[in-house]
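When reading the values below, keep in mind they use all heavy atoms of this one structure, side chains included, and skip hydrogens, waters and symmetry mates.
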Amino acid sequence: MTFSPYVLFRRGTLPWNALTGLVPEQMWALLDEAGDHDRQRAVLAADLEQALHDAVPGLPVADRAAALAVRRAVHNDRPLPPVPAALPRSCRELADRWARSRERSAALRSEALACRDSELDTARKVLAEVARAPDFQAGLQLSGPDLHREVSAYAADPYDRRRKAARRRRAESTIVSYAYRVVLKPSPFGTFTEIGAHPWAGRPGGAGGRVTTTRLNLGLVAWLADALRRVDGADRLFRIRLNDSLTVDGDRVLFLRPLDRVVSARYTDLVRLLQRVLGDGGVPECELRELLPAATVDSLVKVGLCHRDLGLPDQTLRPAAAVADLVRPVLGAQHADGFERLQRIEDEFAGAGVARRAVLLGDLNDEVHRISGEPPQAEAMRAAIYEDVGTHRAPATWRPGVLAANRDGLALFQRLLPLLDDATMTKLGLYRLFTRRYGTASPPVDLLRFYEVFDALGADAAAALMTGADDPAADLIRRYRDDFYRLLQDGGLGAVDGATTVIDPRLLRDFTAGLPGGLPVWRSTAYRVQFGTEGGRTLAVVNGVTTGHGVFFSRFCDLLRRTGPNDWDLGTAVREHLHRTAPRQTDITATLGLNFNLHPRLTPYELLYPGSVARPAAEGVLTLADVAVAADPDRGRLRLISRRDGEPLDLVPLNFLYPAAAPLPYRFLCGFAPTRTYRGGLWEQTDRARPHAAPPHRPRVMLGDLVLDRRTWRIPLDELPVPDGLDGFDRWWRERGLPRTAFFRIVAPPPDGPRDVLDETRRWALEARTARLHKPHFLDVRNPFLLSVLDRQARSRPGGILLVQECLPAVEEYRDGPAAAEEFFVEHDLGGDHADG
């Protein structure tokens with residue numbers, strides 16, 4: 001067992017202390033004092049009611065009605081009517097104390113109400129200052145022009161009385177939602193977050209400071225380049241390439257269309273001509289049209305046997321400049337200059353201030369219009385530029401000793417993960433399909449042939465196969481999974497004291513030792529971790545788990561390049577580690593037009609996805625025609641084999657694309673790769689599997705110093721009161737044992753029918769496009785702006801469930817400790833055979 005020699009971290013660029021003043025502290029001090037009087041008065045009321053009960057029988061008949069009226073007023077907490085003088089002195093003194101307490105409480109509440117508006121005015125000034133911060137402004141600017149415009153108007157004058165109340169509340173909710181996420185839940189988006197990396201045993205050796213990369217949207221540039229096809233002479237610019245998955249099988253050929261299916265056709269003289277003329281790199285379209293009619297060329301492209309494009313490698317970092325270089329000698333400056341201007345915008349954007357960036361975004365919009373010949377759609381321009389911010393400043397909270405001391409716990413948890421991962425069902429399903437068709441001792445089968453068998457199932461049967469329907473091996477996994485959830489929930493894995501479940505490593509080891517032998521192993525796992533302290537003890541809080549193998553480090557290798565010849569370099573560290581520990585690891589060459597799939601070459605091999613273009617002179621590049629599938633009956637899984645040398649390939653796509661959002665052939669390939677479908681914590685996994693058995697409260701889950709899941713509460717939204725602006729909601733919240741600060745999400749109620757795992761996964765992947773709306777929101781029930789966010793979210797999902805989790809690390813740590821949350825990516829490797837599943 002070992003940790004990879006590199007660590008990635010991310011932290012927000014807004015400090016916690018910048019949000020000081022958003023809670024009306026004076027109002028709450030008055031309300032807390034009023035609450036103290038209320039509690040004291042409740043004790044007095046009990047004593048006074050008993051005293052009145054005892055005194056009434058001895059009163060003159062004429063005074064009894066008045067005494068009973070006093071008792072009713074006390075019981076209903078209303079102003080007292082005149083107290084009969086005939087009551088005993090002790091009783092009258094109790095009544096007087098009760099009345100004075102009530103008057104004092106009412107006065108305090110009135111005073112709290114009076115100071116609330118002034119404190120909210122001060123809080124709005126804080127929000128405006130936050131919104132004016134350059135990093136915050138730049139992040140919002142890339143989130144959308146309308147959003148940025150509305151928040152900027154608020155920041156300029158938060159007290160503008162001409163602004164409608166609804167627009168003011170919307171701007172305030174936007175600012176506060178983004179601000180707390182930047183501080184407490186940093187995710188890599190523009191200037192909201194800075195990304196750093198360093199060796200496991202050490203810190204960065206480069207100079208301090210930040211580095212920024214900005215890049216035009218790859219899909220946007222590709223769309224604009226494709227628009228050049230309308231220009232006269234474009235057939236001299238665009239190249240026709242042969243589909244690199246083309247496989248000759250006797251008198252037939254097979255090839256994979258990038259978006260859907262395998263095509264089988266006769267091996268004709270036309271195909272032989274294309275092989276001879278196009279070779280490996282293709283030719284300009286005009287040259288092929290000298291041999292074939294234009295309609296034939298168009299048909300070849302339409303059926304997918306050929307690709308028509310500029311032939312630029314998928315991993316081109318400055319595509320607009322690359323397009324301009326190709327266009328200028330062929331179509332002239334009038335068509336190349338627009339792409340040159342796009343590249344200048346990209347180059348200048350990183351170092352520009354917010355005001356200049358606004359001008360550049362306007363220029364970009366105009367340039368897109370000029371090149372395409374049509375006004376760009378707002379959605380296309382909302383993410384026209386991507387920005388990543390790197391830092392060379394060392395993190396403040398890195399605690400490798402805690403992880404090293406809990407290495408055995410991480411390894412135990414890692415052996416459990418395949419049981420809980422739905423990708424396991426996909427691997428089992430593909431193995432079952434293959435062995436039913438070819439047997440367990442079959443020689444390797446061409447990958448395209450096997451995909452053809454898979455695709456012939458049809459959508460419903462393929463979905464059933466990939467989710468383990470009617471599969472005895474998958475049913476066995478599900479039984480073990482249910483056993484684990486039951487043990488975790490009922491305390492069968494360790495002591496439960498109501499607030500915390502402490503897993504006994506011996507019990508978990510016994511459970512994992514009894515898992516089915518064919519269960520895949522997560523050899524390399526990436527953990528998202530925060531460090532916090534509690535009672536003098538340092539905890540490693542596991543925020544998430546995903547595949548390792550360098551995947552979630554690849555995106556930032558270009559950003560965090562070495563700054564000097566002797567500096568440590570993330571890309572070099574990842575590349576050397578992968579080549580040493582996984583000499584057969586194979587990436588998929590495909591960005592699919594998505595910026596977050598850009599990365600340098602890191603793995604020993606690449607598998608070229610149809611339609612993609614590899615880097616010039618790249619070594620170790622395989623096509624789908626070079627790959628075969630074989631069964632490994634000892635492990636109950638399939639393996640990819642290189643036809644070139646007969647050795648296995650460890651397919652690991654180094655990108656951030658969630659497979660469920662990709663074309664079917666890409667999803668099929670991911671069935672041979674490490675998982676990308678484990679999501680959520682242990683309790684979320686448990687509740688997803690047993691939705692109608694979820695209790696209202698889940699304890700924290702601990703394994704050594706590892707927090708595997710936070711305390712969690714589930715509250716039906718129809719039970720949630722409307723925030724009242726004072727202390728009613730706070731009191732309701734505390735009476736249910738909920739913490740003042742927490743994170744919340746609104747989730748759909750459990751389904752009435754059986755789960756559709758594939759549909760759930762696909763919806764989850766698509767919702768990732770609007771991740772800010774679905775990720776946890778911070779809540780402080782004494783912050784009126786955050787309560788407004790909660791109220792708006794709750795009203796948007798009627799019938800849903802409010803999922804609340806404890807805030808860990810606690811916010812108190814940011815007052816005198818780190819400025820904002822730091823989250824670390826670390827990789828843990830179990831060693832041995834590096835391939836997963």
*Which distance, rounded to the nearest 0.5 Å, do you find between the CG of Asp687 and the CG of Leu803?*
7.5 Å
*When you look at Asp705 and Arg399, which way does the salt bridge (charged side-chain N to carboxylate O under 4.0 Å, His left out) test go after all the steps?*
CA-CA 12 Å; Asp705 298 314; Arg399 302 291 184 268; over 6 Å; no
_Using the side chain to side chain donor-acceptor pair (under 3.5 Å) criterion, which residues pair with Asn595? Sequence neighbours excluded._
none
*Between the side chain of Glu119 and the main-chain N/O of Gln26, is any donor-acceptor distance below 3.5 Å?*
yes
_What verdict does the salt bridge (charged side-chain N to carboxylate O under 4.0 Å, His left out) test give for Arg537 and Glu534, after you've listed the backbone C-alpha separation in whole Å, the side-chain angles of each residue and the deciding distance to 0.1 Å?_
CA-CA 5 Å; Arg537 177 186 182 189; Glu534 190 174 79; over 6 Å; no
*Would Lys125 and Glu129 satisfy salt bridge (charged side-chain N to carboxylate O under 4.0 Å, His left out), going step by step from the backbone distance to the final call?*
CA-CA 6 Å; Lys125 184 185 296 185; Glu129 290 172 357; over 6 Å; no
*asked:* Go through it in stages, so that I can follow the logic: the residues are Phe825 and Ile195, the test is side-chain contact (heavy atoms from CB on, under 4.5 Å), and I'd like the CA-CA distance, side-chain angles, deciding distance and then a yes or no.
replied: CA-CA 11 Å; Phe825 278 83; Ile195 312 293; over 6 Å; no
_Are Phe596 and Tyr386, when compared by the centres of their aromatic rings, separated by less than 6.0 Å?_
no
*asked:* Quick check for you: to the nearest 0.5 Å, what is the distance between Asn783 atom CG and Thr741 atom OG1?
replied: 11.5 Å
_Backbone of Gly139 reached by a side-chain donor or acceptor of Thr191 within 3.5 Å_ = yes
*With side-chain contact (heavy atoms from CB on, under 4.5 Å) as the test, would you mind laying out the steps for Val804 and Trp733 before giving the verdict?*
CA-CA 11 Å; Val804 179; Trp733 191 264; 3.9 Å; yes
_Basic-acidic side-chain contact under 4.0 Å: Asp780, Arg740_ = yes
_Looking only at side-chain N and O atoms, does Arg792 offer a donor or acceptor that is under 3.5 Å from a partner on Ser173?_
yes
*Answer yes if the side chains of Gln805 and Thr712 hold a donor-acceptor pair under 3.5 Å, and no otherwise.*
yes
*Rounded to the nearest 0.5 Å, what's the gap from CG on Leu317 to CD on Glu346? Could you check?*
9.0 Å
*Calculate, to the nearest 0.5 Å, the distance between atoms CG and CG belonging to Leu14 and Asn17 respectively.*
10.0 Å
*Any idea how Phe552 and Phe656 line up, ring-wise: parallel (<30°), tilted (30 to 60°), or perpendicular (>60°)?*
tilted
*asked:* Tell me which pairs pass salt bridge (Lys or Arg N to Asp or Glu O under 4.0 Å) where either residue lies in residues 146-158, with sequence neighbours left out.
replied: Asp146-Arg149, Glu150-Arg167, Glu150-Arg170
_Mutual orientation of the aromatic rings belonging to Trp398 and Phe824 [parallel < 30°, tilted 30-60°, perpendicular > 60°]_ = tilted
*Under the side chain to side chain donor-acceptor pair (under 3.5 Å) rule, collect the residues that match up with Asp121, sequence neighbours excluded.*
none
*Is there a donor-acceptor pair closer than 3.5 Å between any side-chain N or O of Glu822 and the backbone N or O of Ala396?*
yes
*Salt bridge or not for Arg169 and Asp791, using N-O below 4.0 Å?*
no
*For the pair Glu194 and Arg11, evaluate salt bridge (charged side-chain N to carboxylate O under 4.0 Å, His left out) and give the outcome as yes or no after the intermediate values.*
CA-CA 6 Å; Glu194 56 185 24; Arg11 63 180 167 224; 2.6 Å; yes
*In sequence, state the C-alpha distance, the side-chain angles, and the governing distance for His148 and Arg357, and then conclude on side-chain contact (heavy atoms from CB on, under 4.5 Å).*
CA-CA 12 Å; His148 180 248; Arg357 287 183 171 202; over 6 Å; no
*Would you give the length of the straight line joining atom CZ of Arg711 to atom OG1 of Thr500, rounded to the nearest 0.5 angstrom?*
7.0 Å
*Determine yes or no for a side-chain-to-main-chain donor-acceptor pair under 3.5 angstrom, with His828 supplying the side chain and Leu410 the backbone.*
no
*Inter-residue atom distance Arg523.CZ - Gln414.CD, 0.5 Å rounding*: 9.5 Å
_In terms of relative ring orientation, are Tyr178 and Phe192 parallel, tilted or perpendicular, with 30° and 60° separating the classes?_
tilted
*Going by the side chain to side chain contact (heavy atoms under 4.5 Å, CB included) test, name the single residue among Leu560, Val574, Val826 that passes it with Leu8.*
Leu560
*Among Tyr180, Trp713, Phe778, find the residue that satisfies the ring-ring contact (aromatic ring centres under 6.0 Å, His included) test when tested with Phe743.*
Phe778
